[in-house]
Protein chains: 2
Amino acid sequence: MTLPSEKTFPRVEPERLERAWAALSEKLSSGQLRRDEQTRERYSRDESDSGVYPPDIIAFPENTAQVSALFKTCQALGVPFTPCGARSGKSGGALALRGGVMVSLERMNRIRSLSVEDLTAVVEPGVITGDLMRAAEAVGLFYPPDPNSWEFCTLGGNIAENAGGPRALKYGVTRDYVLGLEWVLPDGEVLRVGRRTLKGVAGYDLVGLFVGSEGTLGVATEITLQLIPRPRQVMTALVIFDSVVAAARALTAVLASGLLPRTLELMDDVALRAVAGRGFAFPPGAGSAVILEVDGSTEEGLLAELAQAGEICARLGATETLVAQNEDQREKLWAARRLVSPGLRALKPHKISEDIAVPRSRIPDLIEQLKALGARMGLLVATYGHAGDGNLHANILYEGPHQRPLVEEAIQQMLKLTVEMGGTITGEHGVGHAKRDYLAFEQPAPVIALQRRLKTFFDPSGLLNPEKMFPGPDCF
Amino acid sequence: MTLPSEKTFPRVEPERLERAWAALSEKLSSGQLRRDEQTRERYSRDESDSGVYPPDIIAFPENTAQVSALFKTCQALGVPFTPCGARSGKSGGALALRGGVMVSLERMNRIRSLSVEDLTAVVEPGVITGDLMRAAEAVGLFYPPDPNSWEFCTLGGNIAENAGGPRALKYGVTRDYVLGLEWVLPDGEVLRVGRRTLKGVAGYDLVGLFVGSEGTLGVATEITLQLIPRPRQVMTALVIFDSVVAAARALTAVLASGLLPRTLELMDDVALRAVAGRGFAFPPGAGSAVILEVDGSTEEGLLAELAQAGEICARLGATETLVAQNEDQREKLWAARRLVSPGLRALKPHKISEDIAVPRSRIPDLIEQLKALGARMGLLVATYGHAGDGNLHANILYEGPHQRPLVEEAIQQMLKLTVEMGGTITGEHGVGHAKRDYLAFEQPAPVIALQRRLKTFFDPSGLLNPEKMFPGPDCF
């Protein structure tokens, strides 16, 4: 089979592109349209390692009317168009596979309002997730979803992908915080769906349908989010184990004991190696580490929770438990966690990250089998991630293109194994381009067929973000 | 205009019903089909006070294949069919407005599995919500959604309506706990959508779309639910105020202070009167009461939270704060809360309950204006409910049918007022039959049109649960 990164797709003819450029130039100012090589190159890739696909034109709308006009123009001229946020996605959802127009929402980046009394924020899609987090915390509120890219990803992208993050264990994912959307449909029609209230059940849950639709059913141009009061106390511990399987078993026991930490992040030996030397030293002999973070209203309560979790971990083989003594130490732990992904890139020239999830009890088993799979195939496999909620990032590290067939075979085995355990091929990164051909591992044909029909219902021409989510014609 | 309860709809011709009876008799045993007057009468109403609509045939499938066969038969013969759970819904979603076949899921009532390690339960749709709650708590787990009808409503009904409840303030509503569904589409096709893992984003969120679709897009025949560890400590206080507006202001202040109780239930003077004498005595002169419940991991933490909330309430006019000293006292407080709805029925022969929600900060204002509206129109208005999340149950009590036009006028004014405040016509009860003609108060025509098209996409014949959710042809 052909790997996603090698696939080519039909591109738009030059004359059609000229017409599109001319038509778009009437709708947007010259500073809002680009087609130079440098910009095309910059917008040709994301964080998925699934190929380089330069768009022909990149547009930077600054308001909803311009987004709508862009969509209408592309539809009228038969030009494919693909929305993007910060291009930090890990499944290729923002790649312009057929070229055409890339619609970047990055200039719509205002926090329009933040209400302490209503516990809501109204934002534009290009707002950086971290900027909202900080703005909320400054007034005593809390926006829980925390994809590891929160310092640079956008809320519009989070909504497209239904982003998760470590705190999903306790607080849920992006869709749990989206109350209402201003939404531009594929044909350019602008709708307001959802609500401004914390609860509401009027009509079908269109917000639920649109969140996680990966830019294939339209884009959000305004987002109403629910916030919660900021937890008063947070405590973070690093628990060291000899082996990742021991760590995984301890996590399962902690949760079965009735504790609900806000994060339970696991790193295996390879992940530790990736971080070591980057300003963070793990105890010698550490085979795995867990970042356990609790939050709540009182210090005593949290200390009691940490003590209970620590006891369980010690009983199950933890060799050391270090509690962060201040915000600086806490931040250092999280910085280490965030360094895993870039650190792994330094271990080998290439990596493929598979964002799999299994029912929680299967995590130790899954990790064991992934290690065995890597050993059997002679590939370095790193596993880390949000093991507390069953969501692991399993990375295959490799030397170069000559190993791709082997890697591809390993990925297929990994995903099949995951699905056999009752799991999913994507816990939080989305299907996009990278995983479209694997969706059938998990979902039966009638379910995929229904979704294709829904895509056609919303986008009969199929011009919005084509070649995504559902298996391609040359799928294995 | 015609009130919902007076509306008539075309019924099925007798010959077609005979054919349906004969066809269904081939699929189901004789004990699973009824058409006697007594059964028809029993299944002709729900808790919405929006009319009496006897189905012609009532079917009691016992497995998914039978549900599918029922749907297929009804579609083939052109007979309308309406699913139902416990008929405890408050918006008429389970009324067989055109007669035809009522499909009761009540016999599919097994809890299939409950996993402490995976934090999941797999249930059939006819399981009583309270039965799952108890089964989960028995193994140290917790199913948070708690509609006041939890002792008799079913999980299938909760999913159809996306039911809420007092604990939604902290824990969210039904859809936040639904991971996967076995779903029978209107044409009888059976699909498995969603997942068994706590996280997962493969494909469109069909689970999100189906939850809250009020029995118009199909029914759940198996439900995979997420559970959470049972909070170790719960404490409950009753806070008394002179007036409901003072109470509402105090609630807003408690939440703005950063506390997140699991419930903040408000009762006004009329609601207190409805409960008084039913085994529960409020302090003399009480004009309003709030049930404030906190949960967490330690007693000290909760006592500190209650103390802080108590101080805020005292500063804002609370005359008394009573903390339940044991489980018995706690249960008594909640029993009082659950008695409000039946108690109000005893004050006047008729009541209409409107389940409105506004952005939280508008609650004091809304309550003030509802009282003024009642006074202006000479109607007794009771307000109570989940004021902490902005969701109120505003009840209009009246003497008899002669007052219906006045009541209707009051409802319209109430809903318009709510929408003007940025609110919704239904926080948790659904649109169903009772509110379909009001949906346009809240949602613009293009949003309603899109939803109608979605209904047609899933159910081209429109035979599944007809005349629901979207405005009727004779809508004002």
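Bear in mind the structure is a predicted one, so any value in this text is a computation, not a measurement.
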Straight-line distance of [X] [atom1] to [Y] [atom2], nearest 0.5 Å:
X      : Y      : atom1 : atom2 : result
B:N391 : A:T197 : CG    : OG1   : 8.0 Å
B:L198 : A:L255 : CG    : CG    : 9.0 Å
B:T426 : A:R195 : OG1   : CZ    : 10.5 Å
A:T298 : B:E300 : OG1   : CD    : 7.0 Å
B:L454 : A:L454 : CG    : CG    : 7.0 Å
A:S297 : B:L302 : OG    : CG    : 6.5 Å

For [X], which atoms come within 4.5 Å of any heavy atom of chain B: side chain, backbone, both, or neither?
X      : result
A:T252 : side chain
A:K170 : neither
A:E442 : side chain
A:E161 : backbone
A:D389 : both

Most contacts with chain A, counted as non-hydrogen pairs under 4.5 angstrom, among [options]:
options                        : result
B:G390, B:A202, B:S91          : B:A202
B:R453, B:Q226, B:E299, B:Q308 : B:R453
B:A256, B:P359, B:S115, B:A304 : B:P359
B:N162, B:V447, B:I363         : B:V447

Check [X] against [Y] and note the closest heavy-atom contact, atom names and distance.
X      : Y      : answer
B:P229 : A:G258 : CB-O, 3.2 Å
A:D205 : B:G208 : CB-O, 3.5 Å
A:L439 : B:G203 : CD1-N, 4.4 Å

Residues from residues 171-184 of chain A approaching chain B under 4.5 Å (heavy atoms)
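From residues 171-184 of chain A, the residues near chain B are A:V173, A:R175, A:D176.
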
Given heavy-atom pairs under 4.5 angstrom as the criterion, report whether the side chain, backbone, both or neither of B:A357 touches chain A.
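Answer is both: backbone and side chain atoms of B:A357 are under 4.5 Å from chain A.
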
Counting heavy-atom pairs under 4.5 Å to chain B, which of A:L260, A:T120, A:I356, A:L217 comes out on top?
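Maximum pair count with chain B is reached by A:L217.
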
Whether the side chain of A:E189 engages the backbone of B:P446 through a donor-acceptor N/O pair (distance < 3.5 Å, no angle test) should be reported.
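No, A:E189 side chain to B:P446 backbone: no donor-acceptor pair under 3.5 Å.
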
Check whether B:Q443 reaches the backbone of A:G194 with its side chain - one donor and one acceptor, N or O, closer than 3.5 Å.
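Checking the backbone N and O of A:G194 against the side chain of B:Q443, no donor-acceptor pair under 3.5 Å is found.
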
Using salt bridge (Lys or Arg N to Asp or Glu O under 4.0 Å) as the criterion, list what pairs up with B:E428, not counting sequence neighbours.
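A:K199.
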
Just so I know, are the side chains of [X] and [Y] near enough to count as touching, which here means a heavy-atom distance under 4.5 Å?
X      : Y      : answer
A:V201 : B:H429 : no
B:R360 : A:L119 : yes
A:L450 : B:L191 : yes
A:R232 : B:L259 : yes

More than 12 non-hydrogen atoms from neighbouring residues, nucleotides or ligands closer than 6.0 Å to CZ on A:R196, yes or no?
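Counting neighbours around CZ of A:R196, 12 or fewer heavy atoms of other residues, nucleotides or ligands fall under 6.0 Å, so no.
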
Begin with the C-alpha distance, continue with both residues' side-chain angles, and end with the deciding distance and a verdict on side chain to side chain contact (heavy atoms under 4.5 Å, CB included) for B:Q451 and A:L206.
CA-CA 8 Å; B:Q451 294 174 87; A:L206 296 174; 3.9 Å; yes

With respect to B:Y204, which candidate in A:F470, A:F210, A:F458 satisfies the ring-ring contact (aromatic ring centres under 6.0 Å, His included) definition?
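When A:F470, A:F210, A:F458 are each tested with B:Y204, the ring-ring contact (aromatic ring centres under 6.0 Å, His included) holds only for A:F470.
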
